[in-house]
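Written out below as structure tokens is the structure these notes cover.
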Amino acid sequence: MKEKIKKLLLTLKSMWDKPLPGRFLTIKEVGAFGLYALGNSWMYNAVLMYMVTVTFIPYYYHIDALHGYLILIAGNLLNFILQPIVGNAMEKRKTKWGRYKPYILFSLPIIAFFTMLAMWVPQYDDETSRIVYAYVSCTPVIALSTFANNMYQTMPNVITPNAQERTDIMTPVGLLVGAAPSIMQLIVGPMRAAFRDMGEEFWAMRLLGLVSVIVGALCVLFIIKVKERVYELDNDHANKENVNFLTATKMLMHNKPLIVLTIALVLGCLREFWKQYMQIMVQIKFAPTIAMALNISGVPLTIIGFASTVAMLLLPLVTRKMSKHHVVILFSSLGLVSMIVLSAVGFQRFPVGTVSAVVLTILMFLASINPTYLLIPVMLGEIADFQQARTGKRLEGHMQNFLFTLPLLASQVFMLIGWYWQQSIGFEPKDYEDDTLISYTVQQQAVASEWFNAVFIISAVSMALLIIVMLFYPLTKKKHTEIAEMLAAQSVGFDENADAGQITAEEVAVGIEFSANGEDANDSSDTE
């Protein structure tokens, strides 16, 4: 054991500045990328988990639920327009910082500004003023935060051409990404309870926004320390003409893996619709008073959030044995079972108190063990490899619209359709924010339970549709390995931002071979 530990420490030391054979990333780079991911997660989750949701926009701004749906649709429409413009610019331009990093760095101050603006929640007496402020602050922050998160999900495919390495780094990086919402879940509940007692719950959001912007912006800057490694093929230099939105779309419509995955994500976009209402579910069922429920909410929410950590730890193991779309199907099925149980039992049958807190936490934990969000960025990289092999262009910026923006936009449209169901039931989030309430009335609980049952059914149907479509996904692990080998053979190196001279085609081939055999280059005993 002592020798094994010593060998591991020596291996880690050697990897600090130089990757092992078959790999491209040093520990130093993975650490810098992880800090960037943590920073992005701080700002993204603060604003899009605790403020700009179909539940919390009407809850904090004291406006009708309809505005929450319309704001999210407007924000994602704005991102849908923004993404192709940026994608085209990334495709045809290089800078000394690379093709991708400048867009992360230049958008950072704008994102920080609008994040703070949205979370400030001014206490206007006039409802029209509150509605206008909500649209002006929340619409841009949705578009900008979604764009920033899309860039984060694209970067693993930019910093290494090794498919298994892309997957493997998502575990340590994912742990850092998950740290942000986990910490928030522990502190936000007690913060809300404390300020609620003073009749100023909105101050909890202001402080959360301020901390998230400062910590997030500082961490995002670490992306500067990460290199970009994107193949340059022989025809890349001769193929630099502008690819507009329509041309790129036509090219991508022939990419069957992309189309199948897009359809699956669009139909499955409401698979976690129930999470939009998880906070109010906790407030209603986990304790007899609202203040008590908020104070204890950190523990169950952290446990539910820990499910993503379990998924991260399992990811490197299952992807060595299974194709990635099979992993998506497997874990989505687990979530489907949980949603079926919740909708079959009925939210109204769970009594207020500890028993419900335990049972609901377990079922929500099982529904959350799903590495799909970690796998989609890796699958995007494989699909981009497929596209580059076919056309010489990766078109990753345009693919983001298919895999990230379009499903998000679809989710808002589908939720707006669901709003008619919500309206017929009479559930309005603003009715649950009253600081003078000690506990919810029987009528409030009944209305909420009826709507939550509908939410569980919607989530279950969406999960089932995703599973069905993913059965037809054609890009297997073996097929991608063949594509990667072809790209390595045809490449003239990486772009100038990657110190291409230090990495040879033979080293690329070694990395691909490790991925194809399901082996880990870190297991190699050939260390420096």
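Residues Trp274 and Met364 meet the side-chain proximity criterion, which asks for heavy atoms closer than 4.5 Å. A 4.5 Å side-chain heavy-atom check between Met43 and Cys219 finds every atom pair outside the cut-off. The closest side-chain heavy-atom distance from Gln412 to Leu77 is not below 4.5 Å. Side-chain atoms of Glu201 and Tyr60, non-hydrogen and from C-beta on, do get closer than 4.5 Å to each other. Ile111 places none of its side-chain heavy atoms less than 4.5 Å from the side chain of Val141. In this structure the side chain of Asn40 never reaches within 4.5 angstrom of the side chain of Ile104, judged on heavy atoms. For the pair Gln279/Phe56, a side-chain contact is recorded, criterion being any heavy-atom separation below 4.5 Å from C-beta on. By the 4.5 Å heavy-atom criterion applied to side chains, Leu207 and Val211 are not counted as neighbours.
Atom OH of Tyr69 and atom CH2 of Trp419 lie 9.0 Å apart (nearest 0.5 Å). Atom CG of residue Leu265 and atom OG of residue Ser411 lie 11.0 Å apart, to the nearest 0.5 angstrom. A distance of 11.0 Å separates CD in Glu272 from CG in Leu270, rounded to the nearest 0.5 Å. With rounding to the nearest 0.5 angstrom, the CD1 atom of Ile159 is 9.5 Å from the CD atom of Glu228. The distance from the OG1 atom of Thr139 to the CG atom of Leu144 is 11.0 Å, given to the nearest 0.5 Å.
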Q. Going through the checks in order, is the side chain to side chain contact (heavy atoms under 4.5 Å, CB included) test met by Phe306 and Phe365?
A. CA-CA 8 Å; Phe306 184 71; Phe365 173 83; 4.2 Å; yes
Q. Yes or no on side chain to side chain contact (heavy atoms under 4.5 Å, CB included) for Met184 and Ser212, after CA distance, side-chain angles and deciding distance?
A. CA-CA 10 Å; Met184 290 179 197; Ser212 298; 3.9 Å; yes
Q: For side chain to side chain contact (heavy atoms under 4.5 Å, CB included), just list the numbers for Asn453 and Gln348, CA-CA rounded to whole Å, side-chain angles, deciding distance to a tenth of an Å, and then say yes or no.
A: CA-CA 8 Å; Asn453 290 335; Gln348 72 282 357; 2.7 Å; yes
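Side-chain atoms of Glu29 come within 3.5 Å of backbone atoms of Lys227 as a donor-acceptor pair (strictly under, hydrogens ignored). A donor-acceptor contact shorter than 3.5 Å links the side chain of Glu165 to the backbone of Leu25. At distances below 3.5 Å, at least one donor-acceptor pair connects side-chain atoms of Arg130 with backbone N or O atoms of Tyr61. Listed for the Gln283 side chain is no donor-acceptor partner under 3.5 Å among the backbone atoms of Ala293. The backbone N or O of Leu294 sits nowhere less than 3.5 Å from a side-chain atom of Arg192 that would complete a donor-acceptor pair. A side-chain donor-acceptor contact under 3.5 Å links Tyr432 to the backbone of Gln444. With hydrogens and angles disregarded, no donor-acceptor distance shorter than 3.5 Å links the side chain of Ser145 to the backbone of Ile142. Between the side chain of Arg271 and the backbone N or O of Ala460 there is no donor-acceptor pair closer than 3.5 Å. Panel note: side chain Ser424, backbone Trp421; a donor-acceptor pair is recorded below 3.5 Å.
For Gly34 against Val173, the heavy-atom pair with the smallest separation is CA-CG2, 4.1 Å. Considering every non-hydrogen atom in both Ser338 and Leu366, the closest pair reads OG-CB, 3.4 Å. The minimum heavy-atom distance linking Arg206 with Val121 is given by the pair NH2-O, 3.4 Å.
Each of Ile458, Leu336, Leu267 was evaluated against Met463; a single residue qualifies, Leu336, per the side-chain contact (heavy atoms from CB on, under 4.5 Å) test. With Leu342 as the partner, the side-chain contact (heavy atoms from CB on, under 4.5 Å) test is satisfied by one option alone out of Val337, Leu360, Val359: Leu360. Applying side-chain contact (heavy atoms from CB on, under 4.5 Å) to Val54 and the options Leu72, Ile71, Leu66 leaves one that passes, Leu72.
Aromatic ring pairs are classed by plane angle as parallel below 30°, tilted from 30° to 60° and perpendicular above 60°; the pair Tyr277 and Trp451 is perpendicular.
The aromatic ring centroids of Tyr103 and Phe147 lie 6.0 Å or more from each other.
Atom CD of Gln443 sits in a sparse spot, with 12 or fewer heavy atoms from other residues, nucleotides or ligands closer than 6.0 Å. Residue Phe222 places its CZ atom among 12 or fewer non-hydrogen atoms of other residues, nucleotides or ligands, all under 6.0 Å distant.
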